[in-house]
Amino acid sequence: MKRYEIKYLLKEDVSALIGTQICVKGWVRTKRGNKNVAFLAVNDGSIIHNIQVVADPQKFEEELKRITTGACIGVEGTLVESQGSGQAVEVQAEKIVVYGEADPNTYPLQKKGHSMEFLREIGHLRLRTNTFGAVMRLRHNMAMAIHTFFHERGFFYFHTPLITASDCEGAGEMFHVSTLDPENPPRKEDGTIDWEQDFFGKFTALTVSGQLEGELGATSLGKIYTFGPTFRAENSNTPRHLAEFWMIEPEMAFYQMDELTALEEEFIKYCVRWALDHCMDDLEFLNKMIDNGLIERLKSVVDTEFVRLPYTEGIKILEEAVAKGHKFEFPVSWGVDLASEHERFLVEEHFKKPVIMIDYPKEIKAFYMKLNDHVEEEGKRQGFSGLTVQGTDVLFPQIGEIIGGSVREENYDKLMGRITELNIPMKDMWWYLDTRRYGSCPHAGFGLGFERLLLFVTGMANIRDVIPFPRTPKTAEF
RNA sequence: UCCUCCUUAGCUCAGUUGGUUAGAGCACCUGACUGUUAAUCAGGGGGUCGAAGGUUCAAGUCCUUCAGGGGGAGCCA
């Protein structure tokens, strides 16, 4: 007998199936009823909604005894129009197979709500909840949106390595990759570990960013994007950081600043619109159970033009706010790296919409960002060079920085100047510098934390709840 | 890593200035109910109060240390 997915039965026109024999399989969310009739809410993961199975308690006495919340069952029966008001169709059971019981005395999930903290302790089972089902379906959809967005625009999906030998990516502490005996590694005469005897013949680590290799792709294929896992061994304990997370890093030859920020804005709007177009059932659930402002916020982002805000102007706005009596924990002046409270003020209180901040002081940004020619007088007054770089941060309400990007410095001498100035270890980076030595071209790119995007799109409060198996300091259970 | 809060039944939480036998809802078991919608109603079982010390006639409650977790901050995506 043909098995139908619940999504099909609830979303497609099944009028032709009414009165026919069908099969559904899935996990029982709740069982209720009386001695005359029993109702089973069955979910198979294809959609957030359950299908209602109606069973005669006399006929299925043995089966119903074994069926509790969490049990996995298969049902054959007649698809009928529901007599109840909560659903259009239901299955009148004629045969029930219990594939797997879920002992209610030990099965941790119940039909009532659980705290996110408790669910994190049962990461292997939390995926069976409505909330995590919704989040994971959205996660899949955002991945599809991202690939579709770039593919439609002629970008190539470019695979950068997860194991890297460069230690200058500059984005944080790295996880070492080694096959040496950690108890007794080979040592050189001076006592240091002899990495030449390691698997790759040199010191290697998990990547913190695919950008540098991505630039190699862009300077040959034109437009590429990466989409893969990234690893940071930072001891960050916040609702916005993971030790293992997924990042999207497009890199485009010949793109200038205005094209870069336009792509950033178009990209985010495309993803959010995709969620609204394809995932409304899940969004409605999350809007009801997790975050009452979710759908409204998503719609407003799609309809709003993001603000372009030069750093120097942003500082002026913040200084004016201080002058008017607004209290910040950290001081504001030209040259400081903005703290979360400053970014939140600009996004949530001043502009009340997403902000793309541009033209940062070179002193607070990475070595590869392109220098602007003009000098900010205010910067010189504060004792800085006054030089800015073509970096961008996209700042979002509630979650802060969602994208960091820049136009890259394509001039070999200027780039080397910055590398020397910042004392960056480039001994293994000759291949990166060759992009500027041979056929160097203007190019730009950005990086987006996939889970940060998901925080925004799902309304979830903690990044550990938008990835199936979060990796954070002291946590790698599942 | 820093600041701060929390840890009581399987889950979510009450528990007063330290004072009899630590409570409720859900879940579970038994029963009732002719179609339920996180069903409802009645009854029942279920606790080393995170761990280890300490103060006190007396500690879930006060103190110290440790562990786990949340929120904020830093680093960033």
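Computed over heavy atoms, backbone and side chain alike; hydrogens, waters and symmetry mates excluded. Bear in mind the structure is a predicted one, so any value in this text is a computation, not a measurement.
- Separation of the P atoms belonging to B:G44 and B:C26 is 14 Å when rounded to the nearest angstrom.
- In this model, no side-chain donor or acceptor of A:Glu117 finds a partner on the base of B:G70 within 3.5 Å.
- Within the 4.0 angstrom heavy-atom criterion, no nucleotide atom of any strand lies near A:Leu109.
- For A:Ser236 against B:C75, a side-chain N or O and a base N or O form a donor-acceptor pair under 3.5 Å.
- Aromatic ring orientation, A:Phe267 versus A:Phe150: parallel (interplanar angle below 30°, classes split at 30° and 60°).
- Taking the P atoms as reference points, B:U64 lies 12 Å from B:C5, given to the whole Å.
- Within 4.0 Å of A:Gln87, counting heavy atoms only, lies at least one base atom of the nucleic acid.
- Taking side-chain N and O atoms only, A:Arg240 has no distance below 4.0 Å to OP1 or OP2 of B:C75.
- Between the side chain of A:Asn34 and the base of B:U40 there is no donor-acceptor pair of N/O atoms closer than 3.5 Å.
- Side-chain atoms of A:Glu90 and base atoms of B:G35 include a donor and an acceptor less than 3.5 Å apart.
- Side-chain N or O atoms of A:Lys353 include none that pairs as donor or acceptor with a backbone N or O of A:Val307 at under 3.5 Å.
- Rounded to whole Å, the separation between the P atoms of B:U55 and B:A14 comes to 31 Å.
- Comparing B:C62 with B:U17, their C1' atoms sit 12 Å apart, to the nearest whole Å.
- Between A:Arg120 and the phosphate of B:G68, there is no side-chain N or O to OP1/OP2 separation shorter than 4.0 Å.
- Ranked by how close their nearest RNA chain B nucleotide is to the 5' end, A:Glu329 and A:Lys474 are led by A:Lys474.
- With hydrogens and angles ignored, the 3.5 Å screen pairs a side-chain donor or acceptor of A:Arg153 with a backbone N or O of A:Phe149.
- A donor N or O paired with an acceptor N or O is not found under 3.5 Å between the base of B:G69 and the side-chain atoms of A:Glu121.
- Rounded to the nearest Å, the gap between the C1' atom of B:G60 and that of B:A9 is 14 Å.
- No hydrogens or angles were tested; on distance alone, a donor-acceptor pair under 3.5 Å links the side chain of A:His241 to the base of B:C76.
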Evaluate ring pair (Phe, Tyr, Trp, His ring centres under 6.0 Å) for A:His147 paired with A:Tyr225, printing each intermediate quantity in order.
-> CA-CA 9 Å; A:His147 284 301; A:Tyr225 69 103; 5.6 Å; yes
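- For A:Arg344 and B:A73, the shortest distance from a side-chain N or O to OP1 or OP2 is below 4.0 Å.
- Taking atom C1' in both B:G10 and B:G47, the straight-line distance is 12 Å, to the nearest Å.
- Atom CG in A:Asp393 sits roughly 12 Å away from atom P in B:C75 (whole-Å rounding).
- Side-chain to base pairing of A:Gln83 with B:U36: no donor and acceptor N or O lie closer than 3.5 Å to each other.
- Salt bridge present: A:Arg139 and A:Glu451 bring a charged side-chain N and a carboxylate O closer than 4.0 Å.
- For the pair A:Lys25 and A:Val42, the tightest heavy-atom approach, listed with the atom from each and the gap, is C-CG1, 4.4 Å.
- B:U8 and B:A51 have their P atoms separated by 10 Å, given to the nearest Å.
- B:C26: Watson-Crick or G-U partner is B:G10, with both key distances under 3.5 Å.
- Side-chain N/O atoms of A:Arg32 include one lying less than 4.0 angstrom from OP1 or OP2 on B:A39.
- Remark: A:Thr30 is not in phosphate contact with B:U37, judged by side-chain N or O atoms under 4.0 Å from OP1 or OP2.
- Of the P atoms belonging to B:U61 and B:U20, the separation is 14 Å, rounded to the nearest Å.
- Between B:G71 and A:Asn462, a contact under 4.0 Å exists linking OP1 or OP2 to a side-chain N or O.
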